[in-house]
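Take a look at the structure set out below.
In listed order, ligands and their atoms are each counted from 1. Please read these numbers as outputs of a predicted model, since none were measured by experiment. Here, residue 1 is the first one in the sequence, and each next residue gets the next number.
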Amino acid sequence: MSSNKIRASITGVHGYVPNYILSNSELEKLVDTSDEWIVTRTGIKERRILKGDMKGTSIIGTKCVEGLLEKTGTSANDIDLIICATVTPDMFFPSTANLIANNVGANNSYGFDLSAACSGFLYALATGSQFIESGAHKKVIVIGADKMSSIIDYTERKNCVLFGDGGGAVLLEPSKDNTGIQDYILKSDGSGGDMLCLKAGGSLRPASIKTIENKEHYIYQEGSSVFKFAVTNMANVSEEIMLKNNLTSNDISYLVPHQANKRIIDATANRMGVGPEKVLLNIEKYGNTTAGTIPLCFWDFEKKFKKGDNLVLAAFGGGFTWGSLYLKWSYNTK
Ligand code: UT7
């Protein structure tokens with residue numbers, strides 16, 4: 001079916017994870033935890049860590065974009081806009097998107113970072129799609145990348161088992177064959193902000209000896225409370241986008257969920273009525289890479305997708321932020 005509406009199609013994906021593998025057994029040596037606890041509570045077996053000094057999230061984003069440009073045969077000079085979703089920018093400013101643009105030679109582009117924690121990639125994809133649908137731009141790159149190890153306390157078991165480093169990037173271009181982004185629902189509720197946050201380092205609590213002593217530059221999460229909100233809201237919003245677009249579970253080719261906890265993903269899939277064969281999972285390999293999880297899933301499972309496949313993306317994270325996005329895949333991979 002064709003229509004005159006310009007839609008934003010994903011025309012290429014590329015991901016990057018650092019080489020270093022932090023396994024559950026290595027974590028057992030650092031903190032009081034066990035492979036059994038981690039796997040049964042979360043589904044995570046290992047995660048990747050970007051080791052070395054002076055290496056920020058822009059390194060992950062740069063590798064993603066370099067690979068994406070090569071794979072899609074795109075010249076860096078043709079990129080109009082780069083949006084980088086991240087909560088671990090290299091610095092508050094300049095934006096990580098600007099650093100990545102400079103690294104890849106995207107000299108005709110502008111860019112900005114977008115902060116929506118684990119929903120960051122969804123928010124950025126919806127944002128990027130507006131510039132394509134309006135006709136303002138022809139080539140937009142959307143990146144989701146985080147170096148979570150930079151805000152993790154590896155002496156405290158609660159969070160260090162959950163998170164990893166990595167990211168992915170997609171190229172958005174206009175399509176007139178009705179493939180591409182069809183619809184999205186984005187939500188936020190700042191009353192949940194205190195339950196999952198980075199307490200210090202911003203204008204409220206600038207870095208000081210006290211904030212360092214209090215370990216306030218590490219991620220803070222009330223895990224079981226966040227879990228309850230995540231399970232309910234990710235399932236609700238995924239059901240909502242199906243109803244809004246008259247999609248039955250049979251219509252859905254794949255659920256591409258944020259990878260925070262396999263139990264949250266299972267609850268979402270159950271509510272949508274989709275079987276495990278349609279649920280894309282890579283949490284066991286990478287853990288929670290925050291804005292990186294969904295584009296990393298695209299990267300890992302790209303070969304499975306066929307043109308016209310209906311994908312539902314869903315995420316929940318700090319803010320609180322959450323949402324779902326419905327897209328029709330735009331190409332077949334050889
Ligand atoms: O991606 C952004 C949004 N974030 C999320 O979606 C994360 C949502 N939350 C979760 O996924 C889960 O709450 C966690 C995986 C973080 C924790 O699982 P849980 O089943 O909610 O465990 P809990 O926090 O209720 O803790 C249960 C027990 C506690 O011990 P007691 O009090 O029962 O004796 C914890 O101290 O497990 C203990 N525990 C651990 N034990 C071994 C907590 N962390 C660990 C650990 N290893 N790493």
Side-chain angles (χ1 to χ4, degrees), residues 22-47 85-88 115-123 144-149 151-167 186-198 218-238 255-269 271 281-284 286-297 313-324:
L22 177 58
S23 64
N24 288 353
S25 61
E26 192 179 342
L27 281 167
E28 283 175 350
K29 293 175 196 137
L30 295 176
V31 291
D32 179 18
T33 191
S34 66
D35 175 59
E36 201 258 330
W37 191 97
I38 303 170
V39 171
T40 52
R41 299 283 178 138
T42 70
I44 303 166
K45 292 183 179 158
E46 57 191 41
R47 63 293 287 143
T86 185
V87 287
T88 52
S115 173
C118 296
S119 312
F121 184 75
L122 274 192
Y123 274 50
D146 272 296
K147 184 188 171 187
M148 294 307 290
S149 62
I151 53 169
I152 294 292
D153 178 1
Y154 286 95
T155 66
E156 196 265 327
R157 69 181 180 179
K158 265 182 15 191
N159 291 319
C160 71
V161 302
L162 304 176
F163 294 96
D165 303 339
L186 301 177
K187 306 204 183 205
S188 64
D189 177 2
S191 70
D194 288 348
M195 284 183 235
L196 175 50
C197 60
L198 198 64
Y218 293 130
I219 194 168
Y220 173 83
Q221 175 168 231
E222 292 167 23
S224 52
S225 304
V226 175
F227 183 89
K228 285 176 204 139
F229 282 96
V231 162
T232 311
N233 287 309
M234 209 163 117
N236 284 351
V237 79
S238 304
L255 165 65
V256 192
H258 170 54
Q259 316 271 316
N261 188 317
K262 184 163 181 304
R263 290 182 289 148
I264 299 172
I265 296 170
D266 290 345
T268 302
R271 178 78 73 78
L281 278 177
N282 57 12
I283 189 171
E284 72 281 0
Y286 309 136
N288 183 349
T289 55
T290 301
T293 60
I294 290 178
L296 273 174
C297 257
L313 284 46
F316 182 90
F320 292 136
T321 56
W322 67 102
S324 58

Task: Test side chain to side chain donor-acceptor pair (under 3.5 Å) applied to Asp146 and Thr293, Thr290, Thr289, Thr86, the passing residue - done: Thr86

TODO: Starting from atom 47 (N) of ligand 1, find the nearest protein heavy-atom neighbour and note its residue, name and distance.
DONE: Thr33 OG1, 2.6 Å

Open item on the list: Distance check, rounded to the nearest 0.5 Å: Ile38 atom CD1 versus Arg157 atom CZ?
Closed with: 10.5 Å

Task: Interatomic distance, Phe316 atom CZ to Cys118 atom SG [nearest 0.5 angstrom] - done: 9.0 Å

TODO: Kindly say whether Leu162 contributes a backbone atom to a donor-acceptor pair with the side chain of Asn288 at under 3.5 angstrom?
DONE: no

Task: Proximity of Leu196 to ligand 1 by residue part, where a heavy atom lies under 4.0 Å - done: side chain

- [ ] Give the residue and atom name of whichever protein heavy atom lies nearest to atom 19 (P) of ligand 1, and the separation in Å to one decimal.
- [x] Arg41 NH1, 3.7 Å

TODO: Output the distance between atom CZ (Phe121) and atom SG (Cys297), rounded to the nearest 0.5 Å.
DONE: 10.5 Å

Task: Residue portion contacting ligand 1 (non-hydrogen atoms closer than 4.0 Å) for Ile264 - done: side chain

Task: Proximity winner for atom 17 (C) of ligand 1, if only heavy atoms of Trp37, Phe227, Phe316, Trp322 are counted - done: Trp37

- [ ] Give the residue, atom name and distance (to 0.1 Å) of the protein heavy atom nearest atom 25 (O) of ligand 1.
- [x] Ser224 CB, 3.8 Å

TODO: Going by heavy-atom distance to atom 36 (O) of ligand 1, choose the closest among Arg157, Met195, Gln221, Lys228.
DONE: Arg157

TODO: Provide, to 0.1 Å, the distance between atom 11 (O) of ligand 1 and the closest protein heavy atom, together with that atom's residue and name.
DONE: Asn261 ND2, 2.6 Å

Open item on the list: Looking at Tyr154, I'd like to know if its OH atom is crowded, meaning that more than 12 non-hydrogen atoms belonging to other residues, nucleotides or ligands lie closer than 6.0 Å.
Closed with: yes

Task: Protein contact of atom 9 (N) of ligand 1 - nearest heavy atom, named by residue and atom, plus distance - done: Gly223 O, 3.1 Å

Open item on the list: Side chains of Ser23 and Lys45, heavy atoms from C-beta outward: is any pair under 4.5 Å?
Closed with: no

- [ ] Classify the side-chain pair Asn261/Arg41 by whether it contains a donor and acceptor separated by less than 3.5 Å.
- [x] no

Task: Under 4.0 Å to a heavy atom of Ala260 - the qualifying atoms of ligand 1, by number - done: 1 (O), 5 (C), 6 (O)

Task: Residue, atom name and distance, where the atom is the protein heavy atom closest to atom 18 (O) of ligand 1 - done: Arg263 NH2, 3.6 Å

Open item on the list: At less than 4.0 angstrom from any non-hydrogen atom of Asn288, what atoms of ligand 1 do you find?
Closed with: 1 (O), 2 (C)

TODO: State whether any protein heavy atom lies less than 4.0 Å from atom 33 (O) of ligand 1.
DONE: no

Open item on the list: Give the atom numbers and elements of ligand 1 that come within less than 4.0 Å of a heavy atom of Thr42.
Closed with: 15 (C)

Task: Shortest protein contact, atom 16 (C) of ligand 1 (heavy atom only) - done: Leu162 CD1, 3.8 Å

Task: Whether Ser119 side chain and Thr321 backbone form a donor-acceptor pair below 3.5 Å - done: yes

Task: Per-atom contact, atom 29 (C) of ligand 1, protein heavy atoms, under 4.0 angstrom - done: no

TODO: Give the residue, atom name and distance (to 0.1 Å) of the protein heavy atom nearest atom 2 (C) of ligand 1.
DONE: Cys118 SG, 3.1 Å

Task: Per-atom contacts, ligand 1 versus Val161 - under 4.0 Å to a heavy atom - done: 48 (N)

Open item on the list: Under 4.0 Å from atom 22 (O) of ligand 1, can you find at least one protein heavy atom?
Closed with: yes

Task: Non-hydrogen side-chain atoms of Val231 and Arg263 separated by less than 4.5 Å - done: no

Open item on the list: Using modelled atom types and a 3.5 Å cut-off, is there a donor and acceptor pairing between side-chain atoms of Asn24 and backbone atoms of Ile44?
Closed with: yes

TODO: Of the side chain and backbone of Ile38, name the one, both, or neither that has a heavy atom under 4.0 Å from an atom of ligand 1.
DONE: neither

- [ ] Please round to the nearest 0.5 Å and tell me the distance separating atom CG of Leu22 and atom CG of Leu27.
- [x] 4.0 Å

